[in-house]
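Here's the structure we're looking at; comments come further down.
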Amino acid sequence: MLRVVTRNSPATYFQDRNGETGFEYELVKRFADDLGVGLQIETADNLDAIFVQLNQPNGPELATPGLIPSLAHSHLALFSRPYMEVTPQVVYRNGQRRPTRPQDLVGKRILVLKGSSHADQLAEIKQQLPELKYEETAELEIADLLHMVDEGQIDLTLVDSNELAMNQVYFPNVRVAFDLGDARALSWAVAAGNDRSLLEKVDAFLAQAQKKGILQQLKERYYGHVEVLGYVGAYTFAKHLQQRLPRYEQHFRAAAKKQGVDWRLLAAIGYQESQWQPSATSKTGVRGLMMLTQRTAEAMGVANRLDPKQSIHGGAKYFVHVHQGLPESIQEPDRSWFALAAYNVGSGHLDDARKLTKAAGLNPDKWLDVKKMLPRLSEKKWYSKTRYGYARGGEPVHFVANIRRYYDILTWVTQPQMEGSRIAESGLHVPGLPKSEPPAAKPQL
């Protein structure tokens, strides 16, 4: 058994409907699998506690909270080779004067995490600017600090670029003021001592993860939503999350319960289709919050597509219909992504893309492979060979990517709270955000 201590945050470790997840969790799970051992996760309340727990008798053997090696901790831990670069950033509230240099930090209300590299940075700046004042906290997480900036409770905080990318969509008023220094590398850590055997295995694994593209895949999975949505889209989603979703959440939950799906996935579809606007109408005639065609609406028993309750229940019913119609060979989670693609482009075109995938020697049951082929349906040399002909094949690829981002965000926002640093066995919640009651367990799609 590999025992690991980390942080409870969307960038490191949390739980969703499929169990434990998070960038650091998925990476260290692969490491444990590589070693051929089980994995036991525990969380620490703050960064200093990470090192305390790591050095306890019979404590965890490895720390994976996204650490930046520092001289202050060099006597407590041995650090691995780097696996990702991040940039420290000063963030401020939109509408306030934007700081552009360290001198502009003077006179501001600044709060950072205790024991963090950001606290070390501010301590160094204070040597040159004695009038600089800031506070450190061991009681909060990154999301709490961003929430406080968003609400105007503090003027500034410091976060790393990956943490900001993860949390950007929750806080519409948070902006980057400037990068504070150069990019720095994240590492894992083991307790200080003469035994370097585990550290050597960690280094070898991280080198292979870089070489095989595993790190890049995880970066895209967890930090890619700002790239996919764009900063404007991320800020817009954050506003709509607060202002629009509460009006329709009960309908999404009710429809999900009836159809046996995750309500957050339905909500993500609804946002992609209409940005949760019940009166939305496209040039092609699809209408309503779930943007149903007249034909689909009639087939699903929807009398009024502009009625949000009817639209949501009709969309849920149609999604499940498409999902159940897929070949049994397509397993989860790919099955859900295929169902979303079919929801967008139609089952016939999806079947054509799967045949092109198979002909190319790829796996027609894996979304990662099929999404490479879908754009070919808009090229005559390819669609002329298919049964259903031309389709805007790139559209379902973007459709699925966006919905996955929205779904991830909704999943992080709606986790229940975990207390203290006990062994992780319950759902988690993104700190600093309004807590929702954990949804009842839903059958997996």
Side-chain angles (χ1 to χ4, degrees), residues 18 217 220-221 228 255-256 259-262 265-266 268-274 282-288 290-302 305 311 313-407 443-445:
N18 297 315
Q217 290 174 14
E220 191 277 333
R221 170 79 171 83
V228 170
Q259 300 297 336
V261 299
D262 191 321
L265 184 59
L266 296 182
I269 296 171
Y271 189 78
Q272 171 62 25
E273 291 285 34
S274 70
S282 80
K283 295 178 181 178
T284 57
V286 292
R287 306 185 74 187
M290 301 296 276
M291 295 297 272
L292 303 176
T293 64
Q294 184 64 48
R295 184 176 177 181
T296 299
E298 290 174 358
M300 297 299 115
V302 175
R305 287 183 289 169
S311 183
H313 279 266
K317 188 176 179 181
Y318 179 60
F319 177 77
V320 170
H321 170 75
V322 171
H323 188 278
Q324 291 176 343
L326 293 170
E328 292 183 4
S329 58
I330 303 173
Q331 301 297 309
E332 291 292 358
D334 296 270
R335 193 175 183 89
S336 288
W337 314 144
F338 276 93
L340 290 172
Y343 185 102
N344 175 260
V345 78
S347 298
H349 290 305
L350 180 64
D351 192 46
D352 283 344
R354 292 183 66 239
K355 289 175 181 175
L356 291 176
T357 305
K358 187 175 182 180
L362 301 174
N363 190 338
D365 295 334
K366 291 296 182 183
W367 175 245
L368 193 63
D369 289 344
V370 175
K371 76 174 185 178
K372 297 173 185 175
M373 297 294 117
L374 269 164
R376 291 187 176 184
L377 296 181
S378 62
E379 300 175 35
K380 188 173 182 178
K381 69 175 181 177
W382 295 107
Y383 73 69
S384 61
K385 303 174 184 178
T386 65
R387 179 179 179 183
Y388 293 94
Y390 172 84
R392 293 191 296 271
E395 197 170 282
V397 175
H398 293 297
F399 183 83
V400 174
N402 283 351
I403 289 174
R404 290 181 69 173
R405 299 305 173 200
Y406 299 138
Y407 173 69
Q444 285 195 20
L445 291 170

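Note that the structure is a prediction, hence the values are computed from the model and not measured. Residues take their numbers from the sequence shown, with the count starting at 1.
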Rounded to the nearest 0.5 Å, what's the gap from OH on Tyr407 to CG on Asp262? Could you check?
4.0 Å
Heavy-atom pair of closest approach, residues Ser311 and Leu292
O-CD1, 4.0 Å
So Arg335 and Leu326, do their side chains get closer than 4.5 Å, heavy atoms only?
yes
Is the backbone N or O of Val286 less than 3.5 Å from a side-chain atom of Thr293, with the two atoms forming a donor-acceptor pair by type?
no
side-chain contact (heavy atoms from CB on, under 4.5 Å) between Val320 and Lys317, intermediate numbers included:
CA-CA 5 Å; Val320 170; Lys317 188 176 179 181; over 6 Å; no
Side-chain touch Pro327/Arg354, heavy atoms, less than 4.5 angstrom
yes
Glu332 side chain near His323 side chain, heavy-atom distance below 4.5 Å:
yes
Minimum side-chain heavy-atom gap Val322-Phe338 below 4.5 Å:
no
Atom pair NZ (Lys355) and CG (Asp351), whose distance is rounded to the nearest 0.5 Å
4.5 Å
Taking the side chain as every heavy atom from C-beta outward, state whether Ser378 and Tyr390 have any pair of such atoms under 4.5 Å apart.
yes
Geometric cation-pi criterion Lys380 and Trp382, 6.0 Å radius, 45° cone:
no
Is a side-chain N or O of Arg305 found less than 3.5 angstrom from the main chain of Gly288, in a donor-acceptor match?
no
Residues Leu266 and Met290: closest non-hydrogen pair is O-CE, 3.9 Å
Please examine the side chains of Glu273 and Tyr343, heavy atoms only from C-beta on, and report whether any two atoms are closer than 4.5 Å.
yes
Could you state the interatomic distance from OG (Ser384) to CG (Leu377), rounded to the nearest 0.5 Å?
11.0 Å
Report, one line per pair, each donor and acceptor closer than 3.5 Å where one atom sits in a side chain of residues 357-364; sequence neighbours left out.
| from | atom 1 | to | atom 2 | distance (Å) |
| --- | --- | --- | --- | --- |
| Thr357 | OG1 | Ala353 | O | 2.7 |
| Asn363 | OD1 | Asp365 | N | 2.9 |

Could you tell me which residues satisfy salt bridge (charged side-chain N to carboxylate O under 4.0 Å, His left out) with Glu298, sequence neighbours excluded, listed by chain and number?
none
Spatial distance of atom CD (Gln272) from atom OH (Tyr406) [nearest 0.5 Å]:
5.0 Å
Taking NZ, NE, NH1 and NH2 as the nitrogens, is one of them in Asp334 or Lys366 under 4.0 Å from a carboxylate oxygen of the other?
yes
State, to 0.1 Å, how close Met300 and Gly314 come at their nearest heavy-atom pair, and which atoms those are.
CG-O, 3.7 Å
Distance in Å, His398 NE2 paired with Arg392 CZ, rounded so as to fall on 0.5 Å steps
12.5 Å
Between Asn402 and Tyr271, is any side-chain donor less than 3.5 angstrom from a side-chain acceptor?
no
Contact check, side chains of Ile403 and Leu265, non-hydrogen atoms, under 4.5 Å:
yes
Got a second to check how far Ser282's OG is from Met291's CE, nearest 0.5 Å?
4.5 Å
Please report the C-alpha distance between Asn344 and Glu395 in whole Å, then the side-chain angles of each, then the deciding distance to 0.1 Å, and finally whether the side-chain contact (heavy atoms from CB on, under 4.5 Å) criterion is met.
CA-CA 8 Å; Asn344 175 260; Glu395 197 170 282; 3.9 Å; yes
Distance-only, no hydrogens or angles: does the Arg404 side chain make a donor-acceptor pair with backbone N or O of Phe399 under 3.5 Å?
no
Tell me, do Val370 and Leu350 make a side-chain contact under 4.5 Å, heavy atoms counted?
yes
